[in-house]
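Okay, so here's the structure we're looking at.
These numbers come from a predicted model, not from an experiment. Numbers restart at 1 for each chain; the letters A, B, ... are given by sequence-line order, proteins then strands.
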Number of protein chains: 2
Amino acid sequence: MWRGMVTGISMRKPTIQDVAREAGVGVGTVSRVLNNHSAVRGATRDTVLKAIADLDYTPNPHARRIAGGKSYTISVLLPVVTTEFYVRLLDGLETAFQEARYDVAIFPLLDRSRLERYLGSHTLAYQADGLVMATYNLTQMFNEHRLRTQQPTVLVDAYAEGVDCAFMDNVTGGKLAGEYAATLPGTLHAIWVETELDQLFTTRVFEDRRAGFLKAVAGAGREVKSEHTSSFDPLAARNSACTLLDEVAAGGGFPCTVFASADLLAGALLDEVRARGLTPGQDVRIIGFDDQPWAAARGLTTLHQPVENMGYEAAQLLLSRLGGHRGPARARRFEPKLMVRDTA
Amino acid sequence: MWRGMVTGISMRKPTIQDVAREAGVGVGTVSRVLNNHSAVRGATRDTVLKAIADLDYTPNPHARRIAGGKSYTISVLLPVVTTEFYVRLLDGLETAFQEARYDVAIFPLLDRSRLERYLGSHTLAYQADGLVMATYNLTQMFNEHRLRTQQPTVLVDAYAEGVDCAFMDNVTGGKLAGEYAATLPGTLHAIWVETELDQLFTTRVFEDRRAGFLKAVAGAGREVKSEHTSSFDPLAARNSACTLLDEVAAGGGFPCTVFASADLLAGALLDEVRARGLTPGQDVRIIGFDDQPWAAARGLTTLHQPVENMGYEAAQLLLSRLGGHRGPARARRFEPKLMVRDTA
DNA sequence: GCGCCACATGGAACGGGTTCCATTACGGCT
DNA sequence: AGCCGTAATGGAACCCGTTCCATGTGGCGC
């Protein structure tokens, strides 16, 4: 039920017929304008656009779907929607799909059973025209699903042969941190996140950051004095910060430089450094990773990941397939960027 | 594009026409069977259902929407989707709506700007046939939205005059905790969660639990020796546990009974009790609140909230409005249930 | 046996887009 | 001026359920 905004009088929601009549053209022309099927004269297009604006017309998405025989919907499968990373990823994805007049349906599937329920379900899986999967390793079930549905698919934050992918180059990220750290005075240290091994997700992130970091440091002729680990949780992060600082104090003392491979770790370290009356960026130089929203405010030197951009480009890969593009699988690699601020 | 499962040969997805032909009836009859419009003879219904099964037919939701002139979609607005509480709430909501052949669109809107963007948006807001709002306080904007769209609305985990509501009775929850705690030996203590005052959300939860608890304890002729607060975060919870235990040790000593008004607090307390070599359920009796998934495993005595049930009933309230029910706003109250386990 | 009514059923019209074919308009060429 | 080809355009047919009206059926009462 639609009601006119101004008058409050009940009136039908305008249809493409109304627009066509208002603009003095045929419905086909209006449809062509809406979908950018370019065979429309400029003047005609303007008339139509004016009529659309005048009537405050919005095309009915359901009618479009049934007429077009497509759902104009993309399924996005990801572990959770509330972390910084996925919020930004969705931002990029949604921007791109919106431009192309596709809807996005988001499925937060945190465990294998939910993922498999999705992949096995007719109703859900057949509904979409395309599939975006973030951070998942490809299971056997996925391959069956893909074969069955023939759905164009793109992987984000993951890599596999034979599928379009967009992923962050964490090795380069670690390398950038390492190269910069090698130029700083004092002993070198690192804290890594130890991820519980879940086959379901791509968990090479921290291994990659580590590989890049160690290689770069070694390449600069320096050595890493100590490496620590922590789980991804504030309490554990604070503990590992304590351990590290105790060790440095007991050893050669300050200054030192620490690559904290996630901003969560870097933040906890920063807290502990301050709590001990030490000066960040002087006694203890800290390089984080992620560029969380608070990082700039707290002056944290860290690696910024172009996550929105990655999402946008992933969507483009999928859209090109939906537009009929054939050819071998493509992979897009994205590089983090070092943001030098106060802490290092 | 739909492909037959068995043969792999490309074939059209079956339509209601196909079903009608297969069953030897008219399309109207098939539609009536699908929608339980009861004026169908039992035998005919069976024939139709068999045809549906044989053809593996699923109705096209988009066609249904455009033909029915409704979206058959309910918008669910909530702060986040990943916490235990909302996962369970959604479970109940989705069960009920699925039974009624309604789809659910979930909008996690954590801040005011996003909520207002939703409420102000034509496209989003008009799309749905009904609205479920969880945990939000009603803003001016909501009232305008409701007036404009005339959408049936139900509030969950919140209460307001003039709107259908379903909410958890935290006062009774606190009362149950208090009554039980009053029967236990030793001094009585409590830890409350201090919520930052956000006008956007209903944050009376802990006030209500406190009111119920204090009243019940007083009613049993006992007194609360000390009350503590903590923010909702593991680190702070652990700290407040330390403070409390220190205080008890310095005072009359053990045993004592603690009502930790959220399982997060109770868990941290349990950790600290164990860390100090004390025996939970003996030296320190702990009553939590929430019945998190791990609570049973760790033997935590706590209050279980029938959250799924609340979601289900909230959906029923909305569905009855969608079915044309008139009449004054109704409120459904749900009571937590005490789960006595090892810790108290 | 006849008339009625309630119930059951078939199917046309409809809803709002997309697609495609037939038609028109127009610029360019002889 | 006359002809042609192409770009632009109108609109019918179509997509797939729902709804509603007209038709058909059976049972019941007299």
Side-chain angles (χ1 to χ4, degrees), chain A residues 1-2 11-49 51-52 55-73 101-103 123 126-127 129 322 324, chain B residues 1-2 11-48 51-52 55 57-73 101-103 123 126-127 129 322 324:
Chain A
M1 193 57 64
W2 191 86
M11 52 191 288
R12 234 179 67 268
K13 190 173 177 190
T15 73
I16 201 171
Q17 307 282 346
D18 300 323
V19 176
R21 199 176 320 115
E22 175 84 9
V25 300
V27 290
T29 303
V30 177
S31 178
R32 270 170 298 236
V33 168
L34 286 172
N35 296 288
N36 288 318
H37 288 198
S38 49
V40 179
R41 208 158 39 107
T44 315
R45 147 176 265 98
D46 292 342
T47 321
V48 172
L49 289 176
I52 288 173
L55 295 177
D56 192 21
Y57 163 78
T58 37
N60 180 323
H62 307 308
R64 181 163 187 255
R65 288 190 250 260
I66 131 100
K70 290 189 266 182
S71 71
Y72 297 96
T73 300
R101 294 186 73 201
Y102 274 81
D103 278 350
T123 15
Y126 279 105
Q127 212 102 256
D129 293 337
L322 290 169
Chain B
M1 193 58 63
W2 192 86
M11 52 191 288
R12 233 179 67 268
K13 192 174 175 191
T15 73
I16 202 172
Q17 305 283 348
D18 300 323
V19 176
R21 201 176 318 116
E22 175 84 9
V25 301
V27 290
T29 304
V30 178
S31 178
R32 262 160 267 164
V33 169
L34 286 172
N35 295 290
N36 288 317
H37 287 199
S38 48
V40 178
R41 209 158 40 106
T44 315
R45 150 176 263 96
D46 292 342
T47 321
V48 171
I52 288 174
L55 295 177
Y57 164 77
T58 37
N60 180 324
H62 306 307
R64 182 163 186 256
R65 288 190 249 261
I66 131 102
K70 290 188 265 182
S71 71
Y72 297 97
T73 301
R101 294 185 71 200
Y102 274 82
D103 279 350
T123 17
Y126 279 104
Q127 210 102 258
D129 294 336
L322 290 169

For A:Gln17 and A:Val30: C-alpha separation, side-chain torsions, deciding distance, then whether side chain to side chain contact (heavy atoms under 4.5 Å, CB included) applies.
CA-CA 9 Å; A:Gln17 307 282 346; A:Val30 177; over 6 Å; no
Between B:Arg41 and B:Thr47, does the side chain to side chain contact (heavy atoms under 4.5 Å, CB included) criterion hold? Intermediate values first, please.
CA-CA 10 Å; B:Arg41 209 158 40 106; B:Thr47 321; over 6 Å; no
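At a non-hydrogen distance threshold of 4.0 Å, B:Gly24 from residues 17-24 of chain B come into contact with DNA chain C. The stretch residues 25-33 of chain A touches DNA chain D through A:Val25, A:Gly26, A:Val27, A:Gly28, A:Thr29, A:Arg32, each having a heavy atom under 4.0 angstrom from the strand.
One atom, CZ of A:Arg41, and another, P of D:dA7, lie 14 Å apart when rounded to the nearest Å.
For the atom pair NE2 of A:His62 and OG of A:Ser71, the computed distance is 12.0 Å after rounding to the nearest 0.5 Å.
Look at A:Arg65 and you won't find any side-chain N or O under 4.0 angstrom from OP1 or OP2 of D:dC15. Between B:Arg64 and D:dT18, a side-chain N or O to OP1/OP2 separation shorter than 4.0 Å is present.
From the 5' end on, the contacts that DNA chain C makes with chain B at under 4.0 Å to a non-hydrogen atom open and close at C:dA8 to C:dG16.
When the ring-ring contact (aromatic ring centres under 6.0 Å, His included) test is applied to A:Tyr102, the partners found at least two apart in sequence or on another chain are A:Tyr72. For A:Asp103, the side-chain hydrogen bond (donor to acceptor under 3.5 Å, both in side chains) partners are A:Arg65, not counting sequence neighbours. The side-chain hydrogen bond (donor to acceptor under 3.5 Å, both in side chains) test applied to A:Arg45 returns A:Asn36, not counting sequence neighbours.
No side-chain heavy atom of A:Pro14 sits less than 4.5 Å from a side-chain heavy atom of A:Val19.
Using a 4.0 Å heavy-atom cutoff across all strands shown, B:Tyr57 reaches sugar-phosphate atoms only and no base atom.
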